[in-house]
Amino acid sequence: MDRGIDLGKRIQRSVAQTAVLMAVLTLISKLFGFVREMILAGFFGANYIVDAYVMSNTILTTLFGGIIVAISTAYMPLFSQISEEEGKDEGDRFTSSIMYLLILITIGISLIGIIFSNQIVMIFASGFKGETAKIAVFFIKILFSYIIFSSIAGILESYLQYKGIFIPQIISGYFISICMSIGIIISAYTNSYYLAFGTLAGHFLRCLVVAYFARKNGYKQQRKIKLEKNLKELFKLAFPVFIGSYITYINLFIDKTLASNLAEGSIAALNYASLLNVMIINVTITILSTIIYPKLSQANSLKQKSRFNELVSTGFNLVVIIGIPCSLGAMIYNTQAIQIIYERGSFDRLATSMTASAFMYYAAGMIFIAANEYVVRVFYSIKDMKTPMILGSISIIINIILNLILVNFMEHNGLALGTSIAAVINFAQLMFCLKRKHADIRIIASKKKLCKIIIAAIAAIIGSYISYSLIIDYMSRIIVARVIQLGLAVLVAVCLYLLLLVVFKIEEVKLIKQIIKGR
């Protein structure tokens, strides 16, 4: 029993320490991306060149991004099983075979993009005419090649994650933003057609960095391909993930279509609010899911039921501890956050009002969206890709129905609220099916602990808002930056939240001390 408790503590400490470092590096990556967009806006503004460039990237991501994600996701549990049952060499051979397959597929896709670039632009960007269409065609020819490097990097990143290595993948992403920024500057002073080469160079360097670290951590490229017996299983696992990702794209497309019939700025408000919502989830919960997924796959392959359940419950506890206060805080401080991040230049008070209201309704479902992402990874780790796909499809249909109803009463806010309600329903479905189909998996170890965390989060946010109101009242006599006011309120929330977690004897709070001490 003591050994099981010690294992849980080691798992929690390892996950928490890695997560904190990943969060910092991911935040830096987001800042790199923000600076890159500022450079693009500064040199090119909002002209036809930017339209062509953004649309070309969007076309590529929409058409083929799901393929790489699906295969990389399906690769993990299969690689885990092969490595544990047949040994490291067979695992490396499987990895090499997958990469060879992806290289062949992506080379074919690249050739299609080069040969039929005119037709692709005509279909997906029919509004582009003249020089805009011409430069978009050129961008398509260049950009379609980078999926070759992305496919290799995607598989090797999963390989590193299985080895418990996460940092190089984040750092390698910096090269994309840096190369794109350099490409923007060079093309601004020379020829705008060079813009795409920065993106291509960034993905190439990212691939090299990931390949270097994979090789350094034990990966050996195998010449002999051995995929026949695993190919069917791979596509069986990858297909539901692929379908699920495209269902999401369809939902986003419908949202934008409905918003296009509303007041001017509705699409932009939803986009800005959604980006901030997703960024918060990516910097917190997505990192935890990424760390725990390979550990779950490994424990399942080794048939270590107790360790698997320990990982599942630990991960869910961390998702709840982080996700609930983030969700509540974003709802309460929606306007302040939008003002600090976006309100400048052409982004006026009307834009802030529209975006803040949408952000509040997105934030209401933030914890459920985050929890869904984690629970879906639990299904994936036991090779059940079909259930999340079916439940995801149902929730998307519910989302569309809710959007069609709510948009008539709440305009663009109804679209954001519909997304959150659908996330709640999807979470309920996932938990029900997990309990029914996989009754031996215990995701909520203690309902009492869950209630304590919720109470602590609510109390912390209320205390924070009271202190924020007092700060605003006091500071009304002097000029103080909004960021300082909000920063003080967040600090109060964090301190009060940690104090309440200690009072309620939530053992995960001890991780903070362990991280600070570096143990």
Side-chain angles (χ1 to χ4, degrees), residues 66-81 158 161-162 230-252 281 285-286 288-290 292-305 307-317 319-320 323 365 367-402 419-445:
I67 295 175
I68 298 172
V69 171
I71 293 179
S72 297
T73 303
Y75 159 85
M76 180 72 76
L78 279 176
F79 173 73
S80 176
Q81 180 182 342
S158 294
Q161 288 170 11
Y162 183 79
N230 298 308
L231 187 60
K232 183 179 179 181
E233 183 71 11
L234 176 72
F235 282 107
K236 180 181 177 182
L237 296 177
F239 184 72
V241 180
F242 175 76
I243 295 298
S245 66
Y246 273 91
I247 290 173
T248 302
Y249 284 128
I250 292 171
N251 184 53
L252 292 173
I281 294 173
I285 310 303
T286 298
L288 288 172
S289 300
T290 302
I292 294 176
Y293 179 48
K295 296 179 184 293
L296 290 173
S297 297
Q298 185 182 49
N300 182 66
S301 297
L302 295 172
K303 296 180 173 58
Q304 298 173 335
K305 289 290 180 68
R307 180 171 181 260
F308 184 86
N309 274 317
E310 182 70 38
L311 284 164
V312 169
S313 60
T314 296
F316 188 76
N317 286 341
V319 167
V320 170
I367 177 59
F368 295 100
I369 294 171
N372 289 341
E373 181 178 333
Y374 178 75
V375 178
V376 165
R377 293 295 185 104
V378 174
F379 275 100
Y380 286 171
S381 67
I382 54 177
K383 299 182 184 178
D384 185 354
M385 272 71 172
K386 188 176 180 181
T387 300
M389 180 198 72
I390 294 172
L391 299 182
S393 301
I394 294 172
S395 68
I396 292 299
I397 294 172
I398 292 172
N399 193 2
I400 292 171
I401 294 172
L402 287 170
T419 299
S420 292
I421 295 174
V424 175
I425 295 172
N426 192 36
F427 176 72
Q429 292 179 128
L430 286 168
M431 294 298 287
F432 175 79
C433 287
L434 187 65
K435 186 175 181 180
R436 186 170 182 177
K437 295 185 67 176
H438 309 284
D440 56 328
I441 296 178
R442 189 179 70 256
I443 195 165
I444 300 178

Is a side-chain donor or acceptor of [X] paired with a backbone partner of [Y] at a separation under 3.5 angstrom?
X	Y	value
Tyr162	Pro77	no
Asn317	Ser313	yes
Asn300	Leu296	no

To the nearest 0.5 Å, what is the distance between [atom1] on [X] and [atom2] on [Y]?
X	Y	atom1	atom2	value
Ile398	Asn426	CD1	CG	8.5 Å
Ile390	Gln429	CD1	CD	10.5 Å
Ile382	Asp440	CD1	CG	8.0 Å
Ile425	Ile397	CD1	CD1	12.0 Å
Ile396	Leu391	CD1	CG	12.0 Å
Phe379	Met389	CZ	CE	13.0 Å

So, for [X] and [Y], which heavy atoms are closest and what is the spacing to 0.1 Å?
X	Y	result
Ile367	Val320	CD1-CA, 4.3 Å
Ala422	Leu402	N-CD1, 4.2 Å
Leu311	Lys295	CD1-O, 3.6 Å
Val378	Phe308	CG1-CZ, 4.4 Å
Val375	Phe427	CG2-CE1, 4.3 Å
Ile369	Ala423	CG1-CB, 3.6 Å

Between [X] and [Y], is any pair of side-chain heavy atoms under 4.5 Å apart?
X	Y	value
Gln161	Ser297	no
Ile444	Met431	yes
Glu373	Val376	no

